[in-house]
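Only a predicted model underlies this, so the values are computations on that prediction, with no experimental measurement involved. In the text below, chain A, chain B and the rest are named by the order of the sequence lines, each starting its count at 1.
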There are 4 protein chains.
Amino acid sequence: MKGKGSTKEELIFDATLRLVEQVGLSGVSMEAVAKQAKIATGTVYIYFKSKEELLNKLYVTVKLKFYGTISDGLNEDKPFKVLFKKMCNDYLRFFLEYYPETIFLQQFYNSPYVTASTVDATKGLLQPLSELLQRGKTEMLLKEMDTRFMITFLHGTIGQLAGFIRDQPVQKTYTDQVWTICWDALKL
Amino acid sequence: MKGKGSTKEELIFDATLRLVEQVGLSGVSMEAVAKQAKIATGTVYIYFKSKEELLNKLYVTVKLKFYGTISDGLNEDKPFKVLFKKMCNDYLRFFLEYYPETIFLQQFYNSPYVTASTVDATKGLLQPLSELLQRGKTEMLLKEMDTRFMITFLHGTIGQLAGFIRDQPVQKTYTDQVWTICWDALKL
Amino acid sequence: MKGKGSTKEELIFDATLRLVEQVGLSGVSMEAVAKQAKIATGTVYIYFKSKEELLNKLYVTVKLKFYGTISDGLNEDKPFKVLFKKMCNDYLRFFLEYYPETIFLQQFYNSPYVTASTVDATKGLLQPLSELLQRGKTEMLLKEMDTRFMITFLHGTIGQLAGFIRDQPVQKTYTDQVWTICWDALKL
Amino acid sequence: MKGKGSTKEELIFDATLRLVEQVGLSGVSMEAVAKQAKIATGTVYIYFKSKEELLNKLYVTVKLKFYGTISDGLNEDKPFKVLFKKMCNDYLRFFLEYYPETIFLQQFYNSPYVTASTVDATKGLLQPLSELLQRGKTEMLLKEMDTRFMITFLHGTIGQLAGFIRDQPVQKTYTDQVWTICWDALKL
DNA sequence: CATGAATGAGGGTTCATTCAT
DNA sequence: GATGAATGAACCCTCATTCAT
């Protein structure tokens, strides 16, 4: 009997993420993944029919976990600014907490492995965030701006700042500045 | 003497950038570069002793051109906000105008080819931008924030928004919003 | 006891033949055979200790059925030419009727799977045909020729012509020409 | 300067044929071909972009040599029977002389490597033989039979008998019987 | 300097076979 | 007996780099 959360798929996903962290996406070979997961090369192919499938499924999985994290509680009946702050903090926290996942997310998107269907599959996940921003505009708290533009801004900004913060010895100094900067940028 | 801008090195650089645009960094092989530049494979190795050297030197070159563009006129005797706006616009314009260069910049940074010395070599180039932001803080126009933090913010934000804008049919709608958003984010 | 023709061995044989027809001998993998036979991969190894053994045993089985077909009634008390004609027609009919078997027979013989013992095992099956031809020579109806030479001739000729006929929209035109051609070739 | 007939392509072709003779077509790996030709694996790919291309080009080349051999002198102004005999003998001689080529020809045709274009490319080569047989029918020396049917007969018969003869200690006994048997089979 | 054929290590993938359940 | 996940050797192919011309 396997412990919770240790299916072979997850084993392989974990191995892949660890590898991406260590050597980058391009350093990920199927053999290396197998070795990292302590299984045979061929075993990986039982669960994923190709490297492309492995990476794309991992991407969707991570994106799901990511959007799950930042979407949580976004439609609660609370003042807009409170939810906005929470969202920014969740966003940042995910990036800081799940370093390998973040690295993978960034590197995969500009890799030759991405398939169109994967891009499609992850698009819908932005819905809750999108609705929150809409609400902000309706309440005349946010600028009148293309919502996709705002999302792009948030993603790029927080993602980049997370990378910066991660390298600092004392992170606390910065974490609060992130949501402030985002708020000031978008507020009316 | 060849005409301006047509040394062999530049020929190879151009070929590399065109290739990155077409097939991504991972699709760039030395043979493809040579073919694109219409020279022999071996010739590339006369000018660059390895693929790593070629890419790193190209990176430094592009970064130089990039920071040259955005640093231009930053120390002129003009009101801070004017210079800030100009810098943001130059920043964005570079990303929109030099598409292959931008792609390369982004993809290279997360590749296994980057060497430590390259990262070091490009760090100093931020000086003019850094000084501008310092001035903003001195003039009490910008928030009291780590300058590197601000630079990271600007880079991530503008870079990401440029990518978004590039995909839009009508770009004019967005270009002015970029500097505004950056200003609001950082201003006191 | 299972119903006629449904032992596991036969199930596997059938699956193999169907596969050979669809994808050729080189496309036959043990996993594919198992799937086609709707059993587990490991189960195949209970009945055949290796792929080699499976194929060789199938070969002998098919050859047995084949020679059974063409040997039937060859020693009856009828005029030689009548039996010769019958044999030729049976030969051809088998090739036309049992397509997968024929494909397999041809492809297996030039494969790396054939073992010496299999070749030996099938040699004796030629006895009835051999005796018929001997009789033809004794009755001075056939040329004085090495019997093995004659058998080789018949096999090559009919096999090849069967392949040709199979591809024709109207087969009837040709079937009668086969035995005639063989008769003329060998008759004194 | 290379000696006549020793281009790299021919070197690789030779190596391939030798391998096919030794271990059969399915035993032919690109690495084995390279080793046999005493070159590096990658070198093979300079001359042939894939295993499929290598084998198909070799097939066309061998077929060309083969049909060149048997077509030679077929339209000379000589009695039909003389030419028919010559053709049969050339046919047989090729099979006996170029053993590896023959093995390859047979095994390749039933392999997953054959492409439609290769089959097409070799079809036209039968023209001279086809015309000879037509002439035989016109002169009322051959049976009124589909020419393609006759060609199939000749190919299957001679090919098979060649295989038989090759295994005999004394071959001379049989070589003359081949053309006789073919003649008797097809003559009116 | 310039060329481009040659090299061979390494990557993705398949598949015969084994073995714990 | 039956299962099918697991193994790992072997295969096809790519590409950074070298070197004889």
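When the C1' atom of E:dG12 is taken as reference, atom CD of A:E53 falls 14 Å away, rounded to whole Å. For the pair A:L54 CG and E:dG11 C1', the computed distance is 14 Å after rounding to whole Å. In this entry the distance linking CD1 of A:I46 with C1' of E:dA16 reads 13 Å, nearest Å. Per the geometry, NZ belonging to A:K35 stands 10 Å off P belonging to E:dG11, to the nearest Å. When the P atom of F:dA6 is taken as reference, atom NZ of A:K38 falls 16 Å away, rounded to whole Å.
In this structure, CE on D:M30 lies 7.5 Å from CG on D:L55, to the nearest 0.5 angstrom.
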Checking B:I12 against B:I39 for the side-chain contact (heavy atoms from CB on, under 4.5 Å) test, could you report, in this order, the C-alpha distance in whole Å, the side-chain angles of both residues, the deciding distance, and whether it holds?
CA-CA 9 Å; B:I12 295 169; B:I39 57 178; 3.9 Å; yes
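Phosphate contact (OP1/OP2 of E:dA5, side-chain N/O of D:Y47, threshold under 4.0 Å): absent.
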What dot-bracket string describes DNA chain F from 5' to 3', counting Watson-Crick and G-U wobble pairs whose defining distances are under 3.5 Å, with [ ] for crossing pairs and | for pairs to another strand?
.||||||||||||||||||||
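Among residues two or more places apart in sequence or in another chain, the side chain to side chain contact (heavy atoms under 4.5 Å, CB included) test is passed with B:L105 by B:Y59, B:V62, B:K63. The side chain to side chain donor-acceptor pair (under 3.5 Å) check on B:Y98 picks up nothing, with sequence neighbours excluded. With sequence neighbours left out, the ring pair (Phe, Tyr, Trp, His ring centres under 6.0 Å) criterion links C:F13 to C:F48. Among residues two or more places apart in sequence or in another chain, the side chain to side chain donor-acceptor pair (under 3.5 Å) test is passed with D:E101 by D:K65. D:E53 pairs by the side chain to side chain donor-acceptor pair (under 3.5 Å) definition with D:K49, D:K57, not counting sequence neighbours. By the side chain to side chain donor-acceptor pair (under 3.5 Å) test, B:Y113 is found to be paired with B:K51, residues two or more places apart in sequence or in another chain being considered.
Residue A:T43 has its side chain nearest to F:dT7 when only F:dT7, E:dA6, E:dC1 are considered.
Using a 4.0 Å heavy-atom criterion, one finds that A:F48 contacts no nucleic acid atom at all.
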For nucleotides 10-14 of chain F, which of its nitrogen or oxygen atoms have a protein nitrogen or oxygen under 3.5 Å away, and what is each distance?
from: F:dC12; atom 1: OP1; to: D:K51; atom 2: NZ; distance (Å): 2.3
from: F:dC12; atom 1: OP2; to: D:M30; atom 2: N; distance (Å): 2.8
from: F:dC13; atom 1: OP2; to: D:Y45; atom 2: OH; distance (Å): 2.8
from: F:dC13; atom 1: OP2; to: D:K51; atom 2: N; distance (Å): 2.8
from: F:dC13; atom 1: O5'; to: D:Y45; atom 2: OH; distance (Å): 3.4

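For residues 26-37 of chain C, the side chain to side chain donor-acceptor pair (under 3.5 Å) pairs, not counting sequence neighbours, are C:R18-C:Q36.
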